[in-house]
Structure formats: C-alpha cells, structure tokens
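Predicted, not measured: the structure shown is a model, and the values here were computed from it. Chain letters run A, B, ... following the sequence lines, proteins first, then strands; residues in each count from 1.
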Amino acid sequence: MGLALVWLGLWGANARLANLAVTAEWERLRRFAVAAIFGLTLLTVWEMAVTVFAVPQVILPAPSAIGARFVAALPMILGDLWQTLVKGALSGWLIGAAAAVLTAIAIDRSPFLQRGLLPIGNFVAALPIVGIAPILVMWFGFDWQSKAAVVVVMVFFPILVNMVAGLAATDALQRDQMATWSAGYWQSLLKLRLPAAMPLLFNGLKITTTLALIGAIVAEFFGSPTRGMGFRISTAVGQMDLALVWAEILMAAIAGSLFYGIVALIERRATFWHPSQRG
Amino acid sequence: MMPSPVISARDVSLTFPTADAPVHALKDVSLDIGPGDFVSFIGPSGCGKTTFLRCIAGLESPTGGTLTVNGMTPDQARRARAYGYVFQAPGLYPWRTIAGNIALPLEIMGFSRPDRAERVARVLDLVELGQFGGKYPWQLSGGMQQRASIARALAFDADILLMDEPFGALDEIVRDRLNEALLALWAKTGKTIGFVTHSIPEAVYLSTKIVVMSPRPGRITDVIDSPLPRQRPLEIRDSAAFIETAHRVREGLRAGHSYD
Amino acid sequence: MMPSPVISARDVSLTFPTADAPVHALKDVSLDIGPGDFVSFIGPSGCGKTTFLRCIAGLESPTGGTLTVNGMTPDQARRARAYGYVFQAPGLYPWRTIAGNIALPLEIMGFSRPDRAERVARVLDLVELGQFGGKYPWQLSGGMQQRASIARALAFDADILLMDEPFGALDEIVRDRLNEALLALWAKTGKTIGFVTHSIPEAVYLSTKIVVMSPRPGRITDVIDSPLPRQRPLEIRDSAAFIETAHRVREGLRAGHSYD
Amino acid sequence: ADPLTLQLKWVTQAQFAGYYVAKDKGFYDEENLDVTIKPGGPDIAPTQVLAGGGADVTVEWMPAALAAREKGLPIVNIAQPFKSSGMMLTCLKESGITDPKTDFKGKTLGVWFFGNEYPFLSWMNHLGLKTDGGPEGVTVLKQGFNVDPLLQKQAACISTMTYNEYGQVLDAGLKPEDLVTFKYEDQGVATLEDGLYTLEEKLKDPAMEDKLVRFVRASMKGWKYAEEHPEEAAAIVLENDETGAQTEAHQVRMMQEVAKLTAGSNGALDPADAERTVQTLLSGGSDPVISKAPEGAWTSAITDKALK
Amino acid sequence: MSRVLPVLSVLAAIVALWYLAAVGMNAAWVRDQAARAGETVTAGRLLRETMVLERPVLPAPHQVAAGLWEGVAGQKITSKRSLVWHGWITLGATLAGFAIGAAAGMILAVGIVHNRAMDMSIMPWAVASQTVPILAIAPMVIVVFASAGVTGLLPKAFIAAWLSFFPVLVGMVKGLRAPDAMQMDLMRSWNASSGQVLRHLRLPVSLPYLFASLKVAVAAALVGTIVGELPAGATQGLGARLLSGSYYGQTIQIWAALFAAAILAAALVWLIGLAERITLRRMGLSR
Ligand SMILES: Nc1ncnc2c1ncn2[C@@H]1O[C@H](COP(=O)(O)OP(=O)(O)OP(=O)(O)O)[C@@H](O)[C@H]1O
Ligand SMILES: Nc1ncnc2c1ncn2[C@@H]1O[C@H](COP(=O)(O)OP(=O)(O)OP(=O)(O)O)[C@@H](O)[C@H]1O
Ligand SMILES: Cc1ncc(C[n+]2csc(CCO)c2C)c(N)n1
Ligand SMILES: [Mg+2]
Ligand SMILES: [Mg+2]
C-alpha cells in the first residue's frame, strides 16, 4: 500500500517534469532527471519492500547494502570491468560487428551467396551461446580471447539480420537514379545503400551492445582466470556475498548503459536525416 | 539524307502484370529521335510517357519490339553514361546537402574535386538555388527540391537528357527563365533531349518534335515536327506558327482523351 | 457589412532555425478569407505558400502574429476536422490500395462502411480513376497518384479545403475538367478553399481572391479581388476582365522575382 | 505422507545414490515421508535455495556451509553420510610436479569456484602459496564443468573427485601412470563433504524435527543399501536422471568410489572431523576461509534420535 | 533447384573445411597419445584417428550427424535420451517467453512513443535491464520463483522473455517513429487520434523493423530458455542436455544438442520470415 503510494507520487512528479516546457539547454538535464527519478522510485520501492517483507540478505540485499559494498569493492570491480568489458566484450563486439557487416555485403553482393550463405549463416548464428561457450573456452583458452569469441558469435546474427534488411531499404527511385548514372556496384553501395542502411545497422549495433556484455560475462561462467565480472558474480553467489553480486551487476548496468549511450550518440550523429531522429 | 537516329524505337510494347488485369503501358510504339533533337512527350496522365522514358534509359525492359540508343541497347548506353535523367519526383538523398546531392553523380563518374565544386556552383546558380547548397532536402520547398534535381542532371554532360516533368512545380516566371536556359544549353551543346510536359505552350516552345500520346493502351497518336526555327526568343510564342502548332497539339490531346 | 472571416491572419511570421542562418519563411503576413471564398496563392517557389497553408491547417505554429480559423486557433480547428488538405506530393500509403487510401480518412472519422464505399466510388469517378481503385500507389503514374490524393481530400466534406498545387502533374485537358469539377463542387457546397498554384490562368479562372507572394522573407505583395462572376464557363478565359486580371497577377509575380 | 524437499549439490549422479535408493526402495514411504529430490547444477547454491525456502534439507560441503553461516545464514549440519573427502588435485606427469611443497610455484591450477574453492584455498594457505597469479604463487583458473583443461594442457593440474572427474580423465584415454594425484586426505587438509544441512529455525519445530529424524534414518538406510548393491544403485540413479546423459559404466564406477567415502559413516557427524575441518579452514596464512570458530554449526540431535 | 544448389555448395564447402579443421585440431591429442605410448604416427593413422576420437576437440561432421541421428531417430521421442523430447520442452518455454517478451516489447514501445515521461524514464532502464547478466540472476530468479511455488516452464519463460523483449522494444521504437513528416501531417490534418495513427500509419511503417527484431528476439528467447534450463535443476530441455554433456565431457553429445538447438532456432527464424513475407505480400509491400 505504502509502496504503491510512493510509486504513484514519484511517477506523477516525473510525468509533470517530462511534460514541462523547457529550453534546449535544460533539455539534457531534464532527460537525466526524469530517468533518475524513475530509478529512485524503483530503488525506494525495492528498499522498502526488502525491509517490510524482511527478505533475507542472501536472497535479495537492500540497495543501501549494495551501495556500501559497491564503494568498498570499487577497485576490484573496476579491475573486473576492464577484464570483461574492455578486453572481452568490446573487442568481440568490434570484430563481430565488422564480420557481420562484411558478410551482409558479401551476401548482398552475390545472389549465389545470398541463397547459400544466409540460411546457413542464420543457422550457425543461432547456436545458443551457453552451448558454444564451453567449446570456445576449450578452443581459445581461459583468458579474454575465448570471451571475445563468444561475443563475436553472439552479436553476429542480430547485426547481420539488420544490416541485410538495411541494405534492402532503399526506394526504387533512389536505385533508378544510381542506374542512370551507371554507378558501379561499389559506388552505389558506398553512396546509397550504406547510408540508407545506417538506421537499421544502428538498430543492430544498439541491441548488441548489451548482448556483448552479457555474452562476455556468461562465458566466464564456463572457465576464466580469477578476475572478471562473470567470475566474481558466480564466486560471490557461491560465497553468499549477494551484495557483491549486485554491486557487480550495478557496475555492469552502468557500463552497459554507457556503452549503449555512446552508440546511440553516434547513431544520432550518423543518421540525423532519418525521420526518427528529426523528431 | 537523314542522319542516323540516336534513339530508335520499333514496335515497343510494355505490359505490367498486375494482380488483376495486365496493364498495357505501351503498345507498338515506334519513334526515331535524331541527334540534337528536342522531343517533347505530351499526353493524358497514365498514357505511358514516364514508362517510355524509362525504357529509353534502360530502367525498364520492353516486353516487345526493339529499342536502340546510339546503335546500342539502352542498357549498354546506360552503362556508357549516356543519360542525364530528371525524375518526376525530386528523389534527393536525405543524408546529403543540396550541393552534396548534385555532386553525387560527379563523384560517381570520377570528376576531380575542384571540377566538381565548380560545376555544382554553376548549376546551382542556373536553377537559382545559389544560397541553398548547404541545406538539406527536407529544408527546401517542393519547387526548390525539383530544381535541385534538375541541377543534378545538368551537372555532368550527358549526351542524352531525359526530363520527366521537370518544371511541373515551378511558377511561370521561373519556368520561363529555365525554359530559356534549357534552350541555350541545348543550342550550345547539341544534346538530344527527351522531355515530358503537360504544358502545351512549353512543349511547342521547346521542341523540334512533339509526340502526342494516348492511354489504354499507351501509344503514340501524333508526331508533330515543329515549324519553328532553332533560335527561339520568348516572343515567338505570339507567332502564328506557334499558335497553329499549339492548336494541333491540343486537338491531338483532346482526341486521346475522348477515348475515356 | 462583410461577413466575419473564416480565416484571419494578423502579422503572421514563421522563422525556421537551421544550422546556418535562420530562414524567414513568412514575415508579417496579414490576410482575411471570408466564408465561401476561393483564394489562390501564387508566387515564386520558396516564397512560403506551403508554409502559410500549413499554418492555417495547424501543422506548423507561427513564431509571431495571430491566426484564427472560425474564431478558433488553427489547432482547435484541426481537431474539429475542419480541413481537407491536398499535399504538394501525393503521399499515398504504399500498403493500401488507391481505394484503401481514399477510405482511410473516412475510417478515421468514423464513416459507416456503405457510406465509405459510396464516397470512394464517387470521388474516384470524379478524378477519373474509376478503374484503378484496386491498384497500389506504385502501380500508378505520377499524375494518377496526384489525382488519388485529391480524391482523398474530397471524400469527406471538410468545410475548408486546402490544396497545395493539386493539378501540377496533370495535363491541360484533365486539368480543365478538374477545374470545372472543382468549381462545381465549390458552387454546390460553398466550401472555403485555399489553393496554391503556379498557373496564372488557373488562379484567375478559379479564384475570388488571388494572393501574390514573394520570397526572402516570404510575404504577401498583392491581393487581387477577382472581378469575374461566380458562374464561370471555360470560355470566360477569353474575356477582357480575365485577361486583365491575369496581367495584373503576372506583373505582381514579376515584381516578386525582381528582388533576386 | 509428510512432504519434504531435498536440494542436491549437483546433478543427478551416484554421488547422491543413497537418497535415490531410499526413495526408490520405499524407505521414505516406510517413514511416511514424501521426499522430493531436486537436482542441483552449476550456479545452484544449495544454501541459497535453503534460505529462499525452496528446500527443507540440502546436501552441502562443510566449508561452504560454514562460510555461509559466517555470512549470517543460520544453517546447521544434522547428519554426515560422507566420512572422508574425495577431493584431489590431478596433474599431468609431464608437468614435472612431484611434491606440492616445492613444485606448484608458477604453475597453473584448475579450481572449482562457486563455494567449492575453500578447501583449495586453505591448502594453498598451508603451503604458503599465493593464488593471485604472481610468480611466487600459483595461477588459478576457474575450471569449467569438465576435465578438458587437463586434456588440452591449459592447466598443469585440475581439481578432481575420486569418484567422478578422475574417472573421466581415465576414460579420455590417459593412463594412471601419465598422472600424479594429490588427495586432500593425504595432504592433511581434508574437509568434510556432502553433509545434510537445514536451517536452525526448522529444528525448533518439533514436528519438523521429527520429520528430519525420519528422513535421516531412511536416507542412511538408503546409503547402506547402495554401498552393498552398487550396480542396482547405479541403475536407480540412471532411472532418475532426466537428462539421459549418464552412462551406466560411469555411474557404477562412481558408486563404487563413493561407497569408499561413505563406508566409515553411520550418518552421525564425528565432532572430531568437524573440528579438524574448522581448524583447516581457520589456520594458515593471511586469508583464512572463516575468521572464527563457529558455534552451533552442527548438532547431533537428529542423528541421536534417528540412529538409536 | 536454383534455391537448393547454392545452399548445398556452401554446405559442402563448410563440411570440407570442417573436416580439415577436425584433423588439425584433433591431431595434437592423437600425437600426444602416441607419444605417451611410445609410438610414432603416420599421416594415414592421424587421419583415421582424428575422425573417430571419443572426446575430440572438434568432432568430425559425421560424428555429429551420427549423434544427432541417434538423438532424434534412435530413440522413442518420449525417451529422455531423445533430442526431440528435450527440444519439445525447450520449445514450449521458448515460445511462451517469446510471446511474453514480444508483447511486452511492443506494448512498452507504444507507450514510449506516445508518452514523454515513459520515453525518458523507461528507455534507460530497459537498457540497464539488459546489462544485468541474466545467467547470474537466473538461479536467483529460479529460486525466487520456486519459493513462490512457481516451477517448470514459467521461470524459464520469464528469462526468455527478459532477453527477447529488448530487441523488440528497440526495433519497435525506431519503427514506430519511422513514418515521414508528410505521412504524419496527413494524419494530423484528419485529426486522427493517436490510436488511429498507430493502427493506420505507425504500425504498417514499423513492420520491417518489427520483423527484423522478432527474428533476433526469437533466437534470444531460445538462448534465454537454455540459460534458464542450466540452473533449473538441469533436468529437462536442450540446455540441461548441453550442460550434462559438457559436464561429462561428451563432446559429441554437446554438439548434437547444440545443433538441435540451432535447428530449432533456425526453424523459428524461418517461420517468422515466412510470416513476414506473407504479411508484406498481403499488404502489397513486397514488389
Ligand atoms: N523544415 C524546414 N526547415 C528549414 N527551412 C524550411 C523548412 N521548410 C521550409 N523551409 C524554407 O521555407 C521557405 C518557404 O518554403 P515553402 O515550402 O513554404 O515554399 P513554397 O512557397 O511552398 O515553394 P514551392 O512553390 O517551391 O513549393 C523556403 O525557403 C524553404 O527553404
Ligand atoms: N510498376 C507498375 N506496375 C503496374 N502498372 C504500372 C507500373 N508503372 C506504371 N504502371 C501503369 O502504366 C501506365 C503508364 O504509366 P506512366 O507512369 O508511364 O504514365 P505517364 O504517362 O508518365 O503519366 P503521368 O503524366 O501521370 O506521370 C499507367 O496506367 C500505370 O498505371
Ligand atoms: C562448475 C562446477 N564444477 C564443479 C563443481 C563442484 N562440485 C559440485 S558437486 C561435485 C562433486 C563432483 O562430482 C563437485 C566437484 C561446481 N559446483 N561447479
Ligand atoms: Mg509520369
Ligand atoms: Mg510548396
């Protein structure tokens, strides 16, 4: 009951804030504030629920406890972040994205490959990570390389699907124009199809930022050195240190959101012309 | 002796298969266009003007008859970059500025950077959009977009210029000025021009040959060779020859309409 | 005493902020349009005709001045479904057939199914597309698409009809016929019509009031009340009053162009 | 019948044969119990399931249980079917390791985490080796589910259980003479494995206590039966494995090995063993697994009643 | 025929490469074994033995095929050794999770597009939700569900839904915002309600985005289910099968389960592609 009240109160404030007319300079701050208040609402409800229902710490720790643990263990958590996000997820994401884009182009370039590779590509990419992870750990060793490999496999398919759809997203008139200028394949790719594919490509890139992080973390469950977010989480669960688990999750959420945010920012720059960006 | 035609159509037909009945967009169209001809196509909407222009440009394949351009198939001619084409809709790429859009075919055809800049500036001035090179297409009015697309087709020097209602969205004054500019360009370069319009005076004023078409099935009902001289001041529109030709075109058009 | 105006603009201005210099699309535009007026807007491309029509329809908010429609704000009038709007480009939805496109606003406004079918058939005939109801937009020629979009705006009985170059892509014959049909509709229903055109004869033939505009900044340079009677056979175009009015419009246009 | 849920530490295999046999042979029925056996798996922390109310009793290793207790989860050992430890480190002979005291330094060792790392860590503490990967210590790998790191030579040694992974190494084609093994028992760092644990508060309820007494009695009957009939026990385990992944040969061998570990126990926890476990975990090095001796972490209340 | 040929030739190329890789990757083990036995290996022996290892680093294609055949056709489909049975279990949870996730994604996307407060508050948290490593909280989810008395399909479906709602959300938000200005203006000039704009304009325009997202989402749902099956007590489903295979080092069993899962995913993706083609054709959008 009290929970519902807190929820309604804060949500109301938020709705008012969101609909307030503000100048452009304040817009950024406002967006941030709205998201923050929403988060605060969630946290408050969580903290109250944990206290009211006396949930045991080993099931769900209170946000305050998580915060304290987060601060205390920050150096270690940052070390884990470096291992998992930068070495594992980021490198894998970059390789996977590049591979998917190139494959999409190859598929698009050759009708033969399109018919031959796309179904098989779909199939290979549909291999579930939890199945591939142990195999890739066996192949690429325990360190970040195997995590990157898992991420490559994981992000490949979503980017490929979106990129293939994107390359097909030109309209007939635009293609006819290229034809009248007798543009070569690469020219019309570079000047028409790639720009036109950007909105869908970024769709894929955005979805996979979070997948990459999950992939790298999950892969650590199947073997890892004694650092990394996945390692720490599974070890901490085993040690009943749930506050540390959530502190790592918090870090993952912050880093992942940042990752996503950066990609979204680049998207805004690169596809400024698309109706969805012109508001 | 006639010079051998640049574009030569013999019994060209094109049928679109659609879900219900097939559409006969063109039926047995025969036409010769000589080098340096300025040919206007006029006719009720849906009579196949756009379709015929697209066939010439190799964008559509006739389902019957033969069509040659400079002795080649339209497709070969397209590959040889024989055409400048102004489409009925502006079709500018939203991610490029107006200047960028005009420069695009130049980039594709490998013009050097300074050459590109010079040409873009020249054609932008020609269509009176000098100050708008840095704007994006959605920031321009409809007529301005149309002019940008004309400028784009003029920027490179294709021998054959195909224009599908290029001046439809322009007011009389600009239209007159662009008509004059087009004639000047044509006189200077000797291009072969195929031009779709709905304006009878425009067709008569510009063309050496006026092709009147009629729909269902799309076909040519009349081909009028203009009696006007190649040098055409605007005042020529008050001459008897002009008015007489316009009259003949109007009659042809009306006949085409009487079918429905 | 004048009846109170349906549309009343006082010092309406609109500035688009763009990356470089802001564009003054409209500056201090004042105009009254009475009930049953047929007002044509004419002017060089980019002079703000479309922008002004969009302001009237509540699709764009002026950055200065006041604008009322039936005593309401344009936005309230829009909510009251006071407008039928024909855009400069056809803007048909590609996933609906022509008939489906025309039926769409009717569905949205809650017309009954038989009523819809009856109206769609009627307006399709009016724009001479009777056989094309089942086709998809891309299967139609440019002019046919334009006519479909006119039919769509006529299908429901809005009191105010705003038309942005509706007949730009049509040939003279169809255009004449549609002009007549539009006049007949106007005479029968007493709609208030705002009409953008680039054709001086068309503007003079149709309108009770002709508004001449000029660009940079977009503004009204002349408002001409037509001396022609409300009943207008096609032959009226040869009358002295007609020719005189057309002349005055042409002068106004020319003056607008002389600025650049 | 009275319902009772048992959470296993790992997947269905002969390691837990006693419980499956008791269920299959009707020993639980005889005690008027309706026992649900929940298999575990990687990332199932039995103690967490217990805390969440998902089970009444769980099979857990004492180091993990004591660590959880120190974290504030009041869990208590009520019975100890496994007398001795089956844990060992298995090394490739070609890695050149012969003596733990001298040869581990600089080597890569595979270890199970998720609460199973405590015995290893305290052993390394005893040896005075750091586990942070520095040149003066050992490099630790979080070992996955299987013995591949040894076969692929990604680690010099890996953790194995006598009854399971060691057999898999042999199955994979390596000969005992290719290997060197170090049992935790032999190294003097053995800790108690596979005990039965429940929450303190459950013991306060007499009805629950009675159920637990009956459960432990029936389970031990199952264990003793399994020890005597390894083939049949293995077959019962196979019958209960829903993944269909187990092979008969492997389970029979596992049963035989497990029997060696349960042999010395009638189910009652020997306090001396427990004290020894506590000492092992407490002593040695800077980084003990638990910081102080626990109180009330085991009780004989249940086994006293069950076994009389 | 022209559709089968390219697939077959690409397939043949892959199988050939695979055989090569199998020889290459398994060779070390064969050599080591021979060295331990004090023997030398000839090329012929290497070739022969790398094809038939019981625990290969990379099983040869025919070994996987045999494993797959054995799992699919070699058992009664009700047997717990049957891949069909395990696949069926996984499919149920996948479909349930996909349905929940896709519905949630679409509903949230509609909310985000129509409500500024939702746009600003939900999107960042939806992103954050996806960065929560699901495998880490999967056991907790299962534990929490179990302590609430919910077991079986639902907890797995929940995890599947968790993973699959996000692609749908992102794609739909983009798609629902894709109508161009004039299309929107038309609607505004008719004073269409936001519901009508949604139905008649935003939804049709968003379809290409939706279908691309659904394909990703269904694959994600399968992954989610399999992840959920790991800690669910690891008893039933392809996930459990994968895991137990992994735990007992039965490489071929892993690969067979893996392929079964991939076939399942590919079939689901193909079904959505089919739905896409049919929808687009019925809407007259496929040319
Ligand atoms: N979204 C926009 N952003 C920036 N500038 C704009 C935008 N829309 C229109 N403009 C500018 O406003 C001016 C008036 O445009 P408008 O479309 O009203 O012209 P118009 O009179 O309808 O011309 P036309 O006859 O060519 O259609 C033009 O200079 C145009 O560049
Ligand atoms: N892709 C297509 N599929 C089916 N029918 C088509 C297609 N394109 C054009 N048509 C039909 O072909 C006929 C001729 O069309 P076309 O575009 O050539 O006319 P047009 O003379 O250019 O008319 P307008 O002056 O209106 O542009 C029309 O009836 C049209 O419906
Ligand atoms: C990934 C992983 N591997 C091993 C264990 C440890 N474990 C649990 S029960 C048992 C007995 C052996 O068969 C062992 C070794 C684990 N928890 N997680
Ligand atoms: Mg046309
Ligand atoms: Mg305009």
Can you tell which part of A:I135 gets under 4.5 Å to a heavy atom of chain E, answering side chain, backbone, both or neither? side chain

Proximal component of E:V170, with respect to chain A [non-hydrogen, under 4.5 Å]: both

Sort out for me which of E:V127, E:V216, E:L169 touches chain A most, counting heavy-atom pairs under 4.5 Å. E:V127

Do you know the tightest heavy-atom contact between E:Y209 and A:N203? CD2-ND2, 4.1 Å

Evaluation steps, side chain to side chain contact (heavy atoms under 4.5 Å, CB included), between E:L58 and A:W139: CA-CA 9 Å; E:L58 175 62; A:W139 286 1; 3.4 Å; yes

What residue, out of E:L176, E:L268, E:L11, has the most heavy-atom pairs lying under 4.5 Å from chain A? E:L11

CA sep, side-chain torsions, deciding dist, call: A:I214, E:L163, side chain to side chain contact (heavy atoms under 4.5 Å, CB included): CA-CA 10 Å; A:I214 297 180; E:L163 282 186; 3.9 Å; yes

Cut-off 4.5 Å, heavy atoms of chain A, and the answer for E:F259 is both

Under a 4.5 Å cutoff for heavy-atom pairs, which residue among E:K215, E:R177, E:K174, E:M184 has the most contacts with chain A? E:K174

Nearest 0.5 Å, please: how far is CD1 in A:I207 from CD in E:Q130? 10.0 Å

Could you tell me which of A:A168, A:A236, A:A252, A:A255 has the largest number of non-hydrogen atom pairs under 4.5 Å with chain E? A:A252

Chain A heavy atoms under 4.5 Å from E:L258: which part of the residue, side chain, backbone, both or neither? both

Ranking E:V218, E:I263, E:L238, E:L264 by heavy-atom pairs under 4.5 Å to chain A gives rank one to E:I263

Residue selection (most heavy-atom pairs with chain A, distance under 4.5 Å) from E:A128, E:A217, E:A13: E:A128

So, the part of A:E220 with a heavy atom under 4.5 Å from chain E: the answer is neither

Counting only heavy atoms closer than 4.5 Å, note whether E:M25 contacts chain A via side chain, backbone, both or neither. side chain

Between chain E and each of A:A253, A:A264, A:G256, count heavy-atom pairs under 4.5 Å; write down the option with the most. A:A253

Considering only heavy atoms, which portion of A:L242 lies under 4.5 Å from any heavy atom of chain E: side chain, backbone, both, or neither? side chain

